[in-house]
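Okay, structure first, notes after.
One is the number of the first residue; the rest follow in order along the sequence. One-based numbering, in listed order, for ligands and for the atoms of each.
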Amino acid sequence: MRIDIISVLPELLKSPFEHSIMKRAQEKQLLEVQVHSLRKWAVNDYGQVDDYQYGGGAGMVMMCEPLAKAIEELSKDRRYDEVIYLTPDGETLNQKIANTLSLKENILLICGHYKGIDERIREHFVTKEISIGDYVLSGGELAAAVLVDTIGRLLPGVLNDETSALFDSFQDNLLAPPVYTRPEDFRGWKVPDILMSGDHKKIEEWRHNQSLQRTNERRPDLSDES
Ligand code: 6GU
């Protein structure tokens, strides 16, 4: 999968993909992430990409021209399956959306800043709008990093143990069960006996029950989702 990201703060998107699972996904060439500075398509030599909003009011709006030019130039090299604008008023990201997006070949992400982007770009270029939750970030970059991470780890071959994504929280609308590692007794706090029993069938049963219990207690809303 190839993911292009258009941003006014490309520096912010360097580190998130240079470590751990995202790093390995790129090394294995299962994922390619390219970040593009919107300033490359600025309207003047000052690097201007935003302007005052029509109708008045505080806050700048990202202009049509730099974004349209950026999207059109990048679209010459590949056909994007989705052009996604990261915005707090988009559809809230969940595992189902991540699963669907992980099946695409080419995705273009647009990070908003200030008051957002000119509505005409949303109407004419954007195919999907995604938020990562009901709170406000200063810009779309951190949201883009979250989205790339959730999608990237789902690509076949990215995770070491191919089955492990299947057991993540949310993958079946259940939260993950508690986990333990050495030592068996830490300050008198013991690991549940069942996990030390070696009875794999019983252990799986216990884990499933813990998942159900956790989900009911913490996220009863998840059981309603399809
Ligand atoms: Cl995608 N962008 C911004 N600026 N804030 C957010 C968000 C996105 N998702 C949640 N809050």
Side-chain angles (χ1 to χ4, degrees), residues 1-18 21-22 31 33-42 47-55 57-68 70-71 74 80-104 106-155 168-170 173 175 218-219 221-222 225:
M1 168 180 286
R2 158 102 178 198
I3 300 177
D4 289 281
I5 308 176
I6 299 171
S7 163
V8 288
L9 289 175
E11 292 296 308
L12 201 50
L13 285 164
K14 268 183 128 153
S15 171
F17 314 124
E18 285 175 357
I21 292 171
M22 291 304 106
L31 174 67
V33 182
Q34 285 289 339
V35 184
H36 309 271
S37 172
L38 184 62
R39 308 259 177 225
K40 189 175 157 194
W41 295 277
Q48 187 183 354
V49 293
D50 60 342
D51 210 336
Y52 297 100
Q53 56 177 315
Y54 280 125
M60 307 293 272
V61 174
M62 289 168 66
M63 304 168 80
C64 282
E65 187 179 307
L67 284 167
I71 297 165
L74 294 173
Y80 291 105
D81 301 301
E82 299 282 3
V83 176
I84 301 174
Y85 173 43
L86 283 311
T87 176
D89 60 0
E91 185 180 3
T92 309
L93 180 62
N94 57 29
Q95 196 60 47
K96 189 172 166 220
I97 296 174
N99 288 344
T100 304
L101 290 175
S102 75
L103 301 173
K104 311 286 185 187
N106 297 294
I107 293 177
L108 178 57
L109 303 182
I110 301 170
C111 303
H113 262 267
Y114 323 112
K115 283 280 159 189
I117 68 174
D118 191 299
E119 187 68 19
R120 290 167 289 187
I121 296 296
R122 299 171 73 160
E123 285 170 14
H124 296 284
F125 291 102
V126 170
T127 61
K128 205 177 212 17
E129 303 189 323
I130 291 179
S131 160
I132 62 164
D134 291 341
Y135 43 82
V136 178
L137 298 166
S138 306
E141 282 77 11
L142 296 181
V146 166
L147 182 59
V148 171
D149 191 294
T150 58
I151 295 172
R153 63 197 303 289
L154 293 172
L155 302 175
D168 286 348
S169 282
F170 302 113
N173 280 332
L175 300 181
R218 301 179 183 203
R219 294 295 307 278
D221 58 296
L222 284 179
E225 281 178 26

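- In terms of heavy atoms, A144 sits closest to C111 at CB-SG, 3.8 Å.
- Every atom of ligand 1 with a heavy atom of I130 under 4.0 Å away is listed here by number and element: 1 (Cl).
- Nearest heavy atom pair, residue V8 against residue E141, reads N-OE2, 3.8 Å.
- Side-chain contact between F17 and I5: present, with at least one pair of heavy atoms (C-beta onward) separated by less than 4.5 Å.
- Each of the following atoms of ligand 1 lies closer than 4.0 Å to a heavy atom of L86: 1 (Cl).
- The I132 neighbourhood of ligand 1 comprises atoms 9 (N), 10 (C), with distances under 4.0 Å to a heavy atom of that residue.
- Which parts of ligand 1 touch A143 is read off a 4.0 Å heavy-atom cut-off, strictly below it: atoms 1 (Cl), 8 (C).
- The closest approach between L142 and ligand 1 stays at or above 4.0 Å for every heavy atom of the residue.
- Not one N or O of S138 is nearer than 3.5 Å to an N or O of ligand 1, by distance alone.
- Between Y85 and I117 the shortest heavy-atom distance is OH-N, 3.3 Å.
- At least one N or O atom of L137, backbone or side chain, sits closer than 3.5 Å to an N or O atom of ligand 1.
- Exactly one residue among T150, I3, I84 makes a side-chain contact (heavy atoms from CB on, under 4.5 Å) with L101. That residue is I84.
- Residues I110 and V126 meet the side-chain proximity criterion, which asks for heavy atoms closer than 4.5 Å.
- Remark: the T87 side chain and the E129 side chain contain no N/O donor-acceptor pair separated by less than 3.5 Å.
- Atom 1 (Cl) of ligand 1 has T87 N, 3.1 Å as its closest protein atom, hydrogens excluded (heavy atom only).
- Put simply, the side chain of D4 reaches to within 4.5 Å of the side chain of H36, judged on heavy atoms.
- The backbone and the side chain of P88 each have at least one atom closer than 4.0 Å to an atom of ligand 1 (non-hydrogen atoms only).
- For atom 10 (C) of ligand 1, the nearest protein heavy atom (residue, atom name, distance) is G133 O, 3.0 Å.
- Looking only at heavy atoms of the protein, atom 11 (N) of ligand 1 is closest to Y135 O, 2.5 Å.
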